[in-house]
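This report concerns only the one structure given below.
Below, all heavy atoms of this structure are taken into account, side chains as well, without hydrogens, waters or symmetry copies. Chain naming here is simple, since letters A, B, ... match the order of the sequence lines and numbering starts at 1 in each.
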Number of protein chains: 2
Amino acid sequence: MATTEKGRRTRQRIIEATGEQILAAGIGGTTLETVRAATLTSKSQLFHYFPGGKTELVREVAVWEGEQLLAAQEPEIHDLGSWGSWRRWRDGLVDYYLGQGRWACPIGSLATEAAAADPDTASLITTSMTAWKDALAAGVRRMQEAGEVDPDADADLLATGMVAALQGGIVLSQPERSGRPLEAVLDQILDPLLVRATARAGSSRA
Amino acid sequence: MATTEKGRRTRQRIIEATGEQILAAGIGGTTLETVRAATLTSKSQLFHYFPGGKTELVREVAVWEGEQLLAAQEPEIHDLGSWGSWRRWRDGLVDYYLGQGRWACPIGSLATEAAAADPDTASLITTSMTAWKDALAAGVRRMQEAGEVDPDADADLLATGMVAALQGGIVLSQPERSGRPLEAVLDQILDPLLVRATARAGSSRA
DNA sequence: TCATCGTTGGACTGCACGGTCCATTCGTAG
DNA sequence: CTACGAATGGACCGTGCAGTCCAACGATGA
């Protein structure tokens, strides 16, 4: 369906524009018409590149945004071996969300809005979230190996908590238009990792 | 518009049914027609009790769900003066979200979906979140007075972090259909409070 | 018994939006 | 130059949904 270079670029342009609109107005607030207008394309192109219609387009947006989100955290996300890198990672992320008027998470908003309606999209999102969490867990393990974090702590669980904290911080920050909640929860979740080096951190319970 | 007892009951019935549908299918997946069908009412009733149409209905749902959510945490939410009560509160909340197939937060989902579209609803949600946070902050202060938590900690910031952690845990748990993320982040955010009594907890940074 | 006001029923309208279809243009390989 | 498939333009259609309107019904007080 997209065999030409030109075609691929058009297709990509559609995905990105749709992503922006979804971020700003949600899936419901994004219509094929607004996407068409923003991309200077025609109705037939939308269905040419995404035969499945809006559903398929949203799915493509989901995977694209998932990749983008990870990419935006480079290079820190793959270099979480020291206190400084974690700190840079945290600051970069806060800036990513709040710095430019984003005020929402590209995949977090999709998660809430699409989860109930489209299980297929939901699983794509879960995949992205898992990849994200895994990258963080790898960082935690590096800290453990370096003796900076309690080796008995469950790196995976800690990483899950971090991603969750991020998402929740944004949920609160979004309507409030303040970065306070995001920063508050991020610091609280990171504090034990960064400050209580070698001490017991986030021991499993429940 | 609703002066009779009968009228008030009908109106209330509409609000609650709408709330359930929004929780299950989102605002976009909830139509006046499905609400009408579920409540055995007529179109004219919907607009009789909510002249502002769907927008107003959603707003009413927002405040109603906000109250309900706090009420569901009684009596613990107003008795957070001991380790045990915090623990009961946490368990009750997890059960509330996961126990019955809820898998979403009544006001959290509204926050993400309505924030961009309707600033008015957004501020209602912020109000609910703030009330929630304040109740928790009061609990933290009681713990501080009891000498169980570092008196220098910012109770308000800690409470904000808790609400954010909850919301984020749900964002992740929803598509994944697993309570793990919610429990993981909740425990991580509560750990410092409960376990590191008297030690420095969530000191301000940033 | 009548008047009034709240409540209820449901037909109807307008339109926005997802989706279909066909015609035209463009790029390229033979 | 021709032919063919990809890319594009845009008219068109069906419908689902928010919102309107008017006609009844029911209770309550005068």
> Are any of A:Q45's side-chain N or O atoms less than 4.0 Å away from OP1 or OP2 of D:dA7?
Replying inline: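 Checking A:Q45 against D:dA7: no side-chain N or O falls below 4.0 Å of OP1 or OP2.
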### Query
Any side-chain N or O of B:Y49 under 4.0 Å from OP1/OP2 of C:dG6?
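False: B:Y49 side-chain N/O out of range (4.0 Å or more) of C:dG6 OP1/OP2.
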**OP:** For residues A:W86 and A:W83, establish whether the separation of their ring centroids is below 6.0 Å.
**Re:**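 Between A:W83 and A:W86, which both carry aromatic rings, the centre distance is not below 6.0 Å.
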Expressed in angstrom and rounded to an integer, what is the separation of B:E33 atom CD from C:dC12 atom P?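 Going from CD in B:E33 over to P in C:dC12 covers 16 Å.
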Between [options], which nucleotide has the shortest distance from any of its atoms to the side chain of [X]?
X: B:T3; options: D:dA18, C:dT7, D:dG9; answer: C:dT7
X: B:H48; options: C:dT8, C:dG19, D:dG19; answer: C:dT8
X: A:T4; options: D:dT20, C:dT8, D:dA6; answer: D:dA6

Legend entry - Expected output: side-chain A:E176 to main-chain B:T130 donor-acceptor under 3.5 Å: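 Not a single qualifying donor-acceptor pair exists.
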Please report, to 0.1 Å, the donor-acceptor pairs under 3.5 Å made by any side chain of residues 62-71 of chain B, with sequence neighbours excluded.
none

If each of B:K6 and A:K6 is mapped to the nucleotide of DNA chain D with the nearest heavy atom, which maps nearer the 5' terminus, i.e. the 5' end?
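Taking each residue's closest nucleotide, the earlier one in sequence belongs to A:K6.
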Discussion item. What's A:S44 touching, base or sugar-phosphate or nothing? Going by heavy atoms closer than 4.0 Å.
Written reply: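 Here A:S44 touches the bases of the nucleic acid.
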Q.
Taking any heavy-atom pair under 4.0 Å as a contact, classify B:K43: base, sugar-phosphate, or nothing.
A.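 Base contact.
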key: Test: B:E76 and B:R90 ion pair at under 4.0 Å   =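 Result for this pair is no, no salt bridge flagged.
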